[in-house]
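First the proteins, then the strands, lettered A, B, ... as listed; each starts at 1.
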Amino acid sequence: MASTAKIDPAPVWSAIQAIPKGEVASYGQVAVRAGHPGRARWVAQLLARQLGPKGLPWHRVVRSDGRIAFPTDSAEFLEQAKRLRADGVLIVNGRVTISKRSILDEAIWG
DNA sequence: TCAGTGACGCACA
DNA sequence: CTGTGCGCCACTG
């Protein structure tokens, strides 16, 4: 069989959808939640390819430092920052102003 | 098949 | 605190 055998991204979309409004999660945390620990880059790649369902709250996925993955001068950055603010998340210096990484660690699922 | 790439993460200075 | 370097792994051409 010549199947491409690519990993099923479904659990990844599920993990992102599971992020509560007003909170954010890191790529690594999403990867773990999706059952693929250490695949943070893979998760980022999926989003970069703009795959996944339409209503996917991709803007709630940030770096482990709470930093937005895009350059501060990028249009994509402004887009994500705008959406996060709409969710009630405050952004300062391109960084999510949440109690350190309360969420990035395990405040959500841990 | 091989080599390059990247919306990452972490250790170290 | 910031900046730099390396490792990681899946996908693309």
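At whole-Å resolution of the value, CD1 in Ile68(A) and C1' in dG6(B) are 18 Å apart. To the nearest angstrom, C1' of dC10(B) lies 17 Å from CZ of Arg67(A). Between Arg95(A) atom CZ and dC8(B) atom P the separation is 17 Å, expressed in whole Å. Atom pair His36(A):NE2 and dG9(B):P shows a separation of 16 Å (rounding to whole Å applied). Computed from coordinates, the Gln80(A) CD to dC8(B) C1' distance equals 14 Å when rounded to whole Å. Per the geometry, OH belonging to Tyr27(A) stands 6 Å off P belonging to dC8(B), to the nearest Å. The nearest whole Å value for the distance from the CG atom in Asp73(A) to the P atom in dA7(B) is 14 Å. Whole-Å rounding puts the Asn93(A) CG to dT2(C) C1' distance at 13 Å.
If you run side-chain contact (heavy atoms from CB on, under 4.5 Å) between Val24(A) and each of Ile19(A), Val62(A), Ile68(A), only Val62(A) comes through.
Once rounded to the nearest 0.5 Å, the distance linking CZ of Arg41(A) with OH of Tyr27(A) reads 12.5 Å. Separation of atoms NZ (Lys6(A)) and CG (Leu46(A)) is listed at 9.5 Å; rounding is to 0.5 Å.
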Its contact letters, B for base, S for sugar-phosphate only and - for none at protein heavy atoms under 4.0 Å, make nucleotides 7-13 of chain C read BBSBSS-

Show me the donor-acceptor pairs within less than 3.5 Å that the side chains of residues 75-94 of chain A make with the rest of the protein, sequence neighbours left out.
unit_1, atom_1, unit_2, atom_2, d
Glu79(A), OE2, Arg83(A), NE, 3.2
Gln80(A), NE2, His59(A), O, 3.0
Gln80(A), NE2, Val61(A), O, 3.0
Arg85(A), NH2, Ile91(A), O, 3.3
Asp87(A), OD2, His59(A), NE2, 2.8
Asp87(A), OD2, Arg60(A), NE, 2.8
Asp87(A), OD2, Arg60(A), NH2, 3.3

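Taking both residues in full, the closest heavy atoms of Trp42(A) and Asp8(A) are given as CH2-O, 4.1 Å, listed atom of the first, atom of the second, then distance.
The shortest distance between the side-chain N/O atoms of Ser64(A) and the OP1/OP2 oxygens of dG9(B) is below 4.0 Å.
Here the side chains of Val43(A) and Gln29(A) are not in contact, with every heavy-atom distance at 4.5 Å or above.
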